[in-house]
Amino acid sequence: MAKTVNHNTNTEPNSAIFIIFGGTGDLSRRKIFPALYNLFLENRLPEKLAIVGSGRSKLTDAKYRATLLDSVNEFSRRGKAKKEDWTTFASKITYQAANIKDVGEYKAFETRIKEYQDEWKEKPAIIYYCAVSPEFFCTIAENISSAKLENNEETTRIVIEKPFGSDLKSAQDLNHKLLTIFSEKQIYRIDHYLGKEVVQNIMAFRFANAIMEPLWNRNHIEHVQISVTEQIGVGSRGDYFEHAGILRDMIQNHLLQLLCIIAMEPPISFDADVVRDRKVEVLKAMRKILPGKIDAISARGQYGPGWVEGKKVPGYREEADVDPESNTETYAALKFYVDNWRWQGVPFYLRTGKRLFKTASLITIRFKEVPHNMFHSENENVPKQNRLVISIQPDMGILLQLESKIPGLEMRLNTVDMVFDYSGKTRSDAPEAYETLLLDIISGDQTLFMRADQVEAAWELIMPVLNSWENNKVRNFPNYPANSWGPENAEALIAQDGFHWFNLPENIKKE
Ligand code: BG6
């Protein structure tokens, strides 16, 4: 999190060693290494730095670095790396082939750590990064412990990617296991949405503007929509997705975290635990979903084939590694309530899906109607309800829709937009979520990471829906074509309350 506002006691270490399990995997190539490289370019990494990538294949350091250079060139927001920058950065990277299941092979990491410690003559931050499939999280933690690798409460960290568990019980078990080996302050559970630039700005927007807080409650807000729509399908992730479904993949983590940031009470400081306490309170205040009420508050969908930008795309059931009769949902919409003084009676609608018409992550807050309309209504002069739109991606911006008089001799109203569009900055100017998160891991700031109770509370909330959806097969899947806005029952879900789903307003700057 931005260091200027963070007054945690964390200190930026002079030296750090990253051991990246899954160092040849997709996440390392697409996200972790491009992010580390960008941090390096901005001079944000410790002076003494060693990055040890590990995977099963036997690779020389030179070959490993060459594949990483290709990845950086392809995925970095800054485009291709300059030769001299890359050479300096790459000199910090080495490769260690290892079978993560074999404790005997962890000796090699111990040797590396020792070598760097001896060379630097200090205690570096040691970061074990589990960029691997979730079934290996426990194995890695146990092997770190059995092999007696460095595990100092102050300087050693373990990073766990999502998904964190596949239901409440498995998340509890994983927490339990990790907490027998590491303390909570050593565990960094990633939800990359929390690292996104605009998501962090919600905190500034809410808590650095005195005019927001008086409006931010049931007296003025009519309803909230959180919408993360994606144009892509599941692609090569069919096997993962079959076991996950969109409820686990997106709602349990990203969308509920966005809801927490919108609904949380003002924290008294940026202290990691204070902020996370406020978020957990939201999850605990959310109305329990009763098994008999699931259809009334949710809608699920699965995409069929269709056309996207002139190309025919397969339906979910035709994707690789997907059961041709799959019951897995690729779209979900849910309605929640937060039962506390601030939010009583305000519905929060969440929707997310694959193969939808547009990729956009948006939060829309619609305010109540004016209490009395003094404008003539015969010429449709009815003031529209104000809306605050927070656009997270791909277009970044915050927009407030207000009513205003159309210049002229008559009193006629028009909706105008006050737009904060990041002053012409595009996504490639803003740090990627992983840059923010990696920097926080190095400096020991857990504000943007999920705490054990946070993850469990989110699972607990959605378990009734998860169980019901798993046990009740849908007869009309697929129920929305690719390149549409999703299934009809999701429209009905929100329409029954007299609302409709909002999309990106025109005035948010397009890249
Ligand atoms: C991941 C999900 O956590 O988030 C993916 O597993 C999803 O299915 C992705 O596509 C979306 O992230 P972003 O940053 O592209 O919005």
Side-chain angles (χ1 to χ4, degrees), residues 198-199 201-229 255 258-266 282 335-338 340-351 358 360-393 395-408 410-423 491 493-510:
V198 180
V199 174
N201 195 7
I202 300 173
M203 295 279 272
F205 196 76
R206 283 196 59 194
F207 304 127
N209 293 300
I211 61 167
M212 285 299 145
E213 176 56 19
L215 299 177
W216 211 262
N217 55 51
R218 63 188 299 271
N219 298 326
H220 301 282
I221 292 177
E222 176 202 65
H223 80 276
V224 177
Q225 294 184 17
I226 300 176
S227 162
V228 177
T229 56
L255 276 87
L258 295 179
L259 187 152
C260 285
I261 299 176
I262 294 296
M264 71 198 273
E265 294 301 313
V282 174
K335 172 167 131 179
F336 288 107
Y337 284 100
V338 181
N340 61 16
W341 275 54
R342 185 185 289 272
W343 296 113
Q344 194 54 241
V346 178
F348 285 74
Y349 300 93
L350 274 49
R351 75 164 166 175
K358 261 208 164 60
S361 301
L362 282 188
I363 301 175
T364 308
I365 294 166
R366 188 157 88 158
F367 292 88
K368 291 191 167 168
E369 286 176 351
V370 290
H372 166 67
N373 179 16
M374 56 184 272
F375 303 92
H376 296 296
S377 56
E378 58 264 28
N379 49 2
E380 292 176 356
N381 231 355
V382 180
K384 303 222 173 43
Q385 288 167 252
N386 302 128
R387 260 195 256 169
L388 177 72
V389 183
I390 301 169
S391 174
I392 298 167
Q393 61 184 31
D395 305 294
M396 305 196 310
I398 299 181
L399 174 149
L400 181 62
Q401 292 193 323
L402 300 169
E403 293 299 278
S404 159
K405 179 181 173 299
I406 300 175
E410 290 153 358
M411 173 55 81
R412 287 175 57 224
L413 298 178
N414 189 20
T415 304
V416 293
D417 295 340
M418 283 177 62
V419 188
F420 165 54
D421 69 356
Y422 280 77
S423 328
E491 298 300 328
L493 174 76
I494 191 161
Q496 72 193 358
D497 297 337
F499 311 134
H500 62 275
W501 294 107
F502 296 128
N503 296 322
L504 188 72
E506 281 301 301
N507 269 340
I508 287 198
K509 192 178 171 305
K510 307 283 180 302

J.: Decide yes or no on side chain to side chain contact (heavy atoms under 4.5 Å, CB included) for Cys260 and Val282, but give the supporting numbers first.
T.: CA-CA 6 Å; Cys260 285; Val282 174; 4.2 Å; yes
J.: Write down the atom of Ile262, the atom of Trp216, and the distance for their closest heavy-atom approach.
T.: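 It is O-NE1, 2.8 Å.
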J.: Atom CD of residue position Glu369 - does it have more than 12 heavy atoms of other residues, nucleotides or ligands inside 6.0 Å?
T.: no
J.: Side-chain contact test, heavy atoms from C-beta onward, threshold under 4.5 Å: evaluate it for Ile392 versus Ile363 and give yes or no.
T.: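 Side chain of Ile392 against side chain of Ile363, heavy atoms only: contact under 4.5 Å found.
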J.: Any side-chain heavy atom of Arg351 sitting closer than 4.5 Å to one from Gln225?
T.: no
J.: Passes side-chain hydrogen bond (donor to acceptor under 3.5 Å, both in side chains), Arg387 versus Thr364? Steps please.
T.: CA-CA 7 Å; Arg387 260 195 256 169; Thr364 308; 5.7 Å; no
J.: With Arg342, which residues qualify under salt bridge (Lys or Arg N to Asp or Glu O under 4.0 Å), at least two apart?
T.: Glu213, Glu265
J.: Calculate, to the nearest 0.5 Å, the distance between atoms CD and CG belonging to Gln344 and Asn217 respectively.
T.: 12.5 Å
J.: Output the distance between atom CG (Leu258) and atom OG (Ser361), rounded to the nearest 0.5 Å.
T.: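 One gets 7.5 Å once the value is rounded to the nearest 0.5 Å.
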J.: Search all heavy atoms of Asp497 against all heavy atoms of Leu493 and return the closest pair with its distance.
T.: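 For Asp497 and Leu493, the tightest heavy-atom pair comes out as OD2-O, 4.2 Å.
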J.: Counting neighbours of CE on Met418 that are heavy atoms of other residues, nucleotides or ligands and sit closer than 6.0 Å, is the number greater than 12?
T.: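 No.
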J.: First locate atom CD1 of Ile398, then atom CD1 of Ile390, and finally report the distance between them rounded to the nearest 0.5 Å.
T.: 5.5 Å
J.: For Val338 and Leu259, which heavy atoms make the closest approach, and how far apart are they?
T.: CG2-CD2, 4.2 Å
J.: Taking all heavy atoms of His220 and all of Pro214, pick out the closest pair and write down the distance.
T.: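 Heavy-atom minimum between the residues: CD2-O, 3.4 Å.
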J.: Treating Asn373 as the side-chain partner and Phe375 as the backbone partner, does any N or O pair qualify as donor plus acceptor under 3.5 Å?
T.: yes
J.: Do Ile494 and Lys335 make a side-chain contact, defined as non-hydrogen atoms from C-beta onward lying under 4.5 Å apart?
T.: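 No. Closest side-chain heavy atoms not under 4.5 Å.
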J.: Any side-chain heavy-atom pair from Leu399 and Leu388 closer than 4.5 angstrom?
T.: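 Answer no - side chains too far apart.
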J.: Using side-chain heavy atoms (C-beta onward) and a distance below 4.5 Å, is Val416 in contact with Ser404?
T.: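 Counting from C-beta outward, Val416 and Ser404 do come under 4.5 Å.
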J.: Please indicate whether Ile211 has more than 12 foreign heavy atoms, meaning atoms of other residues, nucleotides or ligands, lying under 6.0 Å from its CD1.
T.: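 For Ile211, atom CD1 is not crowded (no more than 12 foreign heavy atoms under 6.0 Å).
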J.: Between Phe336 and Tyr349, is the side chain to side chain contact (heavy atoms under 4.5 Å, CB included) condition met? List the steps.
T.: CA-CA 6 Å; Phe336 288 107; Tyr349 300 93; over 6 Å; no
J.: Quick check for you: to the nearest 0.5 Å, what is the distance between Tyr422 atom OH and Met396 atom CE?
T.: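 The OH atom of Tyr422 sits 5.5 Å away from the CE atom of Met396.
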J.: Compare every heavy atom of Ala263 with every heavy atom of Phe348, then report the nearest pair and how far apart it is.
T.: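 That closest heavy-atom pairing would be CZ-CB, 4.2 Å.
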J.: Just jot down the side-chain hydrogen bond (donor to acceptor under 3.5 Å, both in side chains) partners of Glu222, sequence neighbours excluded, or say none.
T.: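 Checked Glu222 against side-chain hydrogen bond (donor to acceptor under 3.5 Å, both in side chains); matches are Arg366, Gln385.
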J.: Judged by atom type as modelled, is there a donor-acceptor pair below 3.5 Å linking the side chain of Asn340 to the main-chain atoms of Trp343?
T.: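 Side chain of Asn340 to backbone of Trp343: a pair is present.
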J.: In sequence, state the C-alpha distance, the side-chain angles, and the governing distance for Phe420 and Asn201, and then conclude on side chain to side chain contact (heavy atoms under 4.5 Å, CB included).
T.: CA-CA 11 Å; Phe420 165 54; Asn201 195 7; 3.5 Å; yes
J.: For Thr415, enumerate each residue passing the side-chain hydrogen bond (donor to acceptor under 3.5 Å, both in side chains) test, keeping only those at least two apart in sequence or located in another chain.
T.: Glu403
J.: Kindly say whether Pro371 contributes a backbone atom to a donor-acceptor pair with the side chain of Lys368 at under 3.5 angstrom?
T.: no
J.: Which heavy atom of Ile221 sits nearest to which heavy atom of Leu215, and what is that distance?
T.: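 Heavy-atom minimum between the residues: CG1-O, 3.6 Å.
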J.: Could you grab the distance from atom OG1 of Thr229 to atom CG of Asn503, nearest 0.5 Å is fine?
T.: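 It is 7.0 Å, given to the nearest 0.5 Å.
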J.: Looking at Phe499 versus His223, is the centre-to-centre ring distance below 6.0 Å?
T.: yes
J.: Give a yes or no answer on whether the side chain of Asn386 reaches the backbone of Gln401 with a donor-acceptor pair at less than 3.5 Å.
T.: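 Pair found, side chain donor or acceptor close to backbone of Gln401.
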J.: Side chains of Phe502 and Ser227: closer than 4.5 Å at any heavy-atom pair?
T.: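 Phe502 does not reach Ser227 side chain to side chain.
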J.: About how many Å separate CE of Met203 and CD1 of Ile261, when rounded to the nearest 0.5 Å?
T.: 7.0 Å
